[in-house]
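To keep things clear, I will list the structure first and then write my remarks on it.
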Amino acid sequence: MTTRVRFAPSPTGYLHIGSARTALFNYLYARNTGGKFLLRIEDTDLARSTEESTRSILEGLEWLGFAPDEEIVFQSNNADKHRATALKLLEEGKAYRDFTPKVAPSDANVKDAIKERARANQGEKNMRDNPYRELSKDESDAKAAAGEPFAIRLKVAETGKTAFEDQVYGLQERDYAETEDLVLLRSDGHPLYNLAVVCDDIEMEITHVIRGQDHLTNTHKQILIYEALGISPPTFAHLPLIMAPNKGKLSKRKHGEVVSMTTYRDAGFLAAAFRNFLAFLGWSASEEQEIYSLEELVQKFSLEGIHRSNAVFNFSPDDPRKWTDDKAQWMNAEYIRTMPLAGLMPFIKAELKAAKLWRDEYEDDDKAWFEKTIDLIRQRFFTLKDFSSQGRSYFSEDFDFDPAAVAKNLTKFPDLKNWLPELADRFESEFAKLDYTEENIESVVKAFTEEKGTKLGVIMNGARTLLTGTAVGPSMLSIFEVIGLDRTLMRLRSQVAWNL
RNA sequence: GUCCGGUUCGUCUAGGGGUUAGGACACCGCCCUUUCACGGCGGCAACACGGGUUCAAAUCCCGUACCGGAUACCA
């Protein structure tokens with residue numbers, strides 16, 4: 001039997017980090033076992049589901065590279081089947097009509113209200129005390145025929161327990177007394193989550209349900225539905241949750257964009273790096289390796305390696321440098337500076353194009369120069385964005401000067417205002433006969449420095465700021481070479497930075 | 001409240017009866033250097049607590065504390 005797993009987000013917001021990790025684990029498991037990875041949009045809550053959310057989730061998944069192996073299933077399209085299933089259960093006496101009038105859901109804090117109600121019960125609530133539970137079929141039919149609205153609830157047995165062997169958390173048992181007669185169909189005929197999930201998982205022939213552990217109690221309810229239907233449930237694996245730095249819930253409302261996948265795409269993260277980072281939130285291969293390609297992840301992945309404890313997604317909103325998890329940032333930088341250049345190029349091309357810095361010569365006549373330049377500057381870059389921001393001076397004359405760099409490397413040494421244009425003249429004459437190579441540049445600059453009776457650093461850093469606008473970067477000799485003689489002369493002679 | 005889970009450096013984690021409790025990120029220091037955010041070397045830093053079992057417990061058992069999840073005619 002080939003494994004079939006599904007990622008089943010509800011479109012009530014963008015793809016957040018927890019969902020992305022769930023998608024990743026499902027994807028890895030499918031690939032590892034040679035199975036299918038499916039996608040189902042759980043849009044049965046019409047009030048909260050939006051097309052925009054669906055789009056955003058799809059975008060996030062696309063960025064991460066998790067394309068479903070079969071057509072996307074929209075749960076709302078199956079409502080009729082779900083309803084029919086509920087009716088069948090009712091017919092068989094495994095479910096019953098509940099004529100209790102629907103209580104209007106309390107406004108804002110539904111969650112708090114529920115907790116409050118549960119607490120008030122002191123855990124003493126009898127889950128089987130519904131007055132309509134034992135209503136005779138005739139009476140029930142009569143009331144329904146008279147047009148009285150009703151919900152359909154599953155008739156959970158008085159005694160017994162549900163049990164399943166979770167692939168992560170081990171044997172899970174729950175006494176029936178802890179499980180209410182859950183509603184299958186709302187009084188307006190709308191099928192509810194647990195029913196819909198079971199029906200769809202059966203229809204999609206899902207063999208393994210891999211989802212967050214916040215669904216642990218739902219699983220018991222769903223097993224009850226499987227049993228009522230006489231179908232054996234799939235294998236379950238529940239995942240630990242990803243928490244905020246204070247170990248509280250990581251939410252869109254509280255934490256904002258930092259939890260959205262598109263944020264990382266837009267911030268210049270490489271999907272490969274982010275996947276790698278995500279993989280180690282709640283799972284490990286039990287090795288000391290940190291960097292894994294997708295192929296390696298697929299090969300190493302196993303349900304046994306999944307943890308039982310929650311993981312913290314670490315970030316500090318008040319520190320711009322740590323706006324997101326340190327390790328994610330490090331991972332991205334690591335990918336940028338170490339991945340094969342050929343694999344990185346398409347992303348850089350896209351980034352430069354978006355910033356209007358791209359020229360077709362970069363993959364044609366200037367290919368060698370371009371690759372050398374990229375390889376040089378990527379060593380200190382963290383995101384794709386850096387190529388168009390910090391790296392701008394390599395591709396355009398229109399770049400900004402960092403005021404701090406100007407102060408530190410230029411205005412602090414007024415002599416440079418004359419020396420640097422002079423250096424340009426020297427370059428022009430010397431390199432008329434010499435090759436413009438690092439070695440030759442070094443000796444020319446050194447000779448010039450000695451003549452002026454100053455330190456090499458003063459000249460080099462002054463030139464650095466004039467050539468790149470910054471105070472940091474690769475070796476200055478490499479910069480001279482990569483910027484090229486013509487542009488070097490022009491920039492050394494430019495007075496723009498001096499007049500800021 | 002009740003049910004269910006969890007607890008190894010600040011964070012991600014390895015280990016799972018005998019280890020100097022390992023790695024990574026972050027942080028700090030030194031080195032390299034014309035600068036630096038690269039690189040090299042080094043440092044700081046953890047088994048929640050209390051009992052029990054055992055020659056030996058971070059590891060097994062029990063309890064406590066704390067954290068999390070669930071408890072809907074939401075998903």
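All values below come from the heavy atoms of this structure, side chains included, with hydrogens, waters and symmetry mates left out. Convention: sequence-line order gives letters A, B, ...; per-chain numbering from 1. In this text the structure is predicted, and so the values were computed from the model without any measurement.
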- prompt: Between the base of B/U33 and the side chain of A/S475, is there any donor-acceptor pair under 3.5 Å?
  reply: no
query: Base, sugar-phosphate, or nothing: which does A/R378 touch, judged by heavy atoms less than 4.0 Å apart?
result: nothing
query: With a non-hydrogen cut-off below 4.0 angstrom, is A/P149 in contact with a base, only sugar-phosphate, or nothing?
result: nothing
task: Quickly work out the A/D214 CG to B/A70 P distance and round it to whole Å.
output: 6 Å
- request: Respond yes when some side-chain nitrogen or oxygen of A/R464 is under 4.0 Å from OP1 or OP2 of B/U33, and no when none is.
  value: no
message: Under 4.0 Å from OP1 or OP2 of B/A14: is there any side-chain N or O of A/H307 that close?
response: yes
- prompt: In the strands shown, is B/A57 matched to any nucleotide by a Watson-Crick or G-U wobble pair with both distances under 3.5 Å, and which?
  reply: none
task: Flag the pair A/R48 and A/D45 as a salt bridge only when some basic side-chain nitrogen lies within less than 4.0 angstrom of an acidic carboxylate oxygen.
output: yes
query: For the base of B/C38, is there a side-chain donor-acceptor partner from A/R337 under 3.5 Å away?
result: no
message: Please tell me whether A/N218 and A/Y193 have a donor and an acceptor in their side chains that are separated by less than 3.5 angstrom.
response: no
Show me the protein contacts with nucleotides 7-10 of chain B, counting only N or O atoms at under 3.5 Å.
none

query: So which nucleotide does B/G39 pair with, by the Watson-Crick or G-U wobble rule with both distances under 3.5 Å?
result: B/C31
message: Looking at B/A75, I'd like to know if its phosphate oxygens (OP1 or OP2) sit under 4.0 Å from a side-chain N or O belonging to A/T44.
response: yes
query: For A/Y193, which contact category applies under a 4.0 Å heavy-atom criterion: base, sugar-phosphate, or nothing?
result: base
query: So does A/T217 reach the base of B/C4 with its side chain, donor to acceptor, closer than 3.5 Å?
result: no
message: Taking A/E178 first and then A/K161, would you say they form a salt bridge - that is, a charged N and a carboxylate O separated by under 4.0 Å?
response: no
message: Taking atom types as they are modelled, would you say the side chain of A/N218 forms a donor-acceptor pair with the base of B/A75 within the 3.5 Å cutoff?
response: yes
- prompt: So what does A/K455 hit on the nucleic acid, given a heavy-atom distance under 4.0 Å: a base, only sugar-phosphate, or nothing?
  reply: nothing
message: Using Watson-Crick or G-U wobble geometry with both distances under 3.5 Å, which nucleotide pairs with B/A21?
response: none
query: For B/G15, does OP1 or OP2 lie under 4.0 Å from any side-chain N or O of A/S286?
result: yes
query: When you match A/N310 and A/E290 each to their closest nucleotide on RNA chain B, which lands nearer the 5' end?
result: A/E290
- prompt: Quantified in whole Å, what is the C1' atom distance between nucleotide B/U13 and nucleotide B/A21?
  reply: 13 Å
- prompt: Does OP1 or OP2 of B/U71 have a side-chain N or O of A/R174 closer than 4.0 Å?
  reply: no
query: Using atom C1' of each nucleotide, how far apart are B/G29 and B/C44 to the nearest Å?
result: 10 Å
- prompt: So which one's nearest nucleotide on RNA chain B is more toward 5', A/E334 or A/R153?
  reply: A/E334
- prompt: So what's B/A65 paired with, Watson-Crick or G-U wobble, going by both distances under 3.5 Å?
  reply: B/U7
statement: Picking from B/U35, B/C27, B/G69, the nucleotide nearest the side-chain atoms of A/K249 would be B/G69
- request: Quote, to the nearest angstrom, the C1' distance that separates B/G15 from B/A57.
  value: 14 Å
- prompt: Do the ring planes of A/F269 and A/Y264 sit parallel (below 30°), tilted (30 to 60°) or perpendicular (above 60°)?
  reply: perpendicular
field: A/H190 vs A/T44 side-chain heavy atoms within contact, under 4.5 Å
entry: yes
query: Under a 4.5 Å cut-off applied to non-hydrogen side-chain atoms, are A/R275 and A/Y292 in contact?
result: no
field: Donor-acceptor pair (no angle test) under 3.5 Å: A/Q390 side chain, B/A37 base
entry: yes
